[in-house]
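As a basis for the values below, the full set of heavy atoms in this structure was taken, side chains included, without hydrogen atoms, waters or symmetry mates. Counting begins at 1 with the first residue of the sequence.
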Amino acid sequence: MLSQINFINSLFRYVNVQEISIAEEVIKMDYFLVSKHQIVEENILFTSKVLYQLLDNELHVDELFLKYANERNIILNLNIERILYLSLTLLFAMGLISANQNMIMRAIQ
């Protein structure tokens with residue numbers, strides 16, 4: 001335990017605390033850009049909105065995903081499909097869409 005504390009204390013020799021505090025004062029936060037999402041397609045709220053707008057009539061899940069990919073001009077991959085399923089889950093939980101087998105439609109017309 002004592003050796004771990006000594007090791008951690010030895011690391012502080014390499015960190016200049018004064019430089020860190022100055023850097024924190026200079027940096028201004030843009031709270032609209034603070035997000036873990038790298039691309040807009042990873043944002044579930046945005047993706048849900050686009051999917052809901054694309055549901056003008058009853059569509060199969062795969063058709064809806066292809067329509068989304070064409071609308072956003074992207075290539076579907078496993079990560080994007082995961083986000084799309086999460087977005088559909090959000091819309092379903094909010095009562096905005098309904099599902100019958102693999103067919104998705106707006107619950108509120």
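One hydrophobic cluster, built from ILVMFWY side chains closer than 4.5 Å, holds both Y52 and M94. Both Y85 and Y68 are assigned to one and the same hydrophobic cluster, defined by single-linkage of ILVMFWY side chains at heavy-atom distances under 4.5 Å. Taken together through direct or relayed side-chain contacts under 4.5 Å among Ile, Leu, Val, Met, Phe, Trp and Tyr, V61 and I75 form parts of separate hydrophobic clusters. Residues M103 and L96 are members of separate hydrophobic clusters, defined by side-chain heavy-atom contacts under 4.5 angstrom among Ile, Leu, Val, Met, Phe, Trp and Tyr.
Looking at heavy atoms from C-beta onward, L86 lies in side-chain contact with R82 at the 4.5 angstrom threshold. Side-chain contact between L59 and I104 is absent, with no heavy-atom pair separated by less than 4.5 Å.
A donor-acceptor pair is defined here as one N or O able to donate and one able to accept, closer than 3.5 Å; such a pair exists between the side chain of N77 and the backbone of I80. A donor-acceptor pair is defined here as one N or O able to donate and one able to accept, closer than 3.5 Å; no such pair exists between the side chain of R106 and the backbone of D56.
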Self-check item: Derivation and outcome, side chain to side chain contact (heavy atoms under 4.5 Å, CB included), residues M105 and I97
Solution: CA-CA 6 Å; M105 67 190 98; I97 63 171; over 6 Å; no
Exercise. Start with the C-alpha distance between L90 and L45, add both sets of side-chain angles, then the distance that settles side chain to side chain contact (heavy atoms under 4.5 Å, CB included), and finish with yes or no.
Key: CA-CA 8 Å; L90 175 67; L45 292 176; 3.8 Å; yes
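A distance of 8.5 Å separates OG of S87 from CG of N43, quoted to the nearest 0.5 Å. We find the CG-NZ distance between L54 and K49 to be 10.0 Å, quoted to the nearest 0.5 Å. Atom CD1 in I83 sits 13.0 Å away from atom CZ in F46 (nearest 0.5 Å).
Counting heavy atoms of neighbouring residues, nucleotides and ligands inside a 6.0 Å radius, atom CD of Q101 does not exceed 12 of them. Other residues, nucleotides and ligands contribute at most 12 non-hydrogen atoms within 6.0 Å of the CG atom of N73.
The side-chain contact (heavy atoms from CB on, under 4.5 Å) test with L84 is passed by exactly one of T47, N79, I44: T47.
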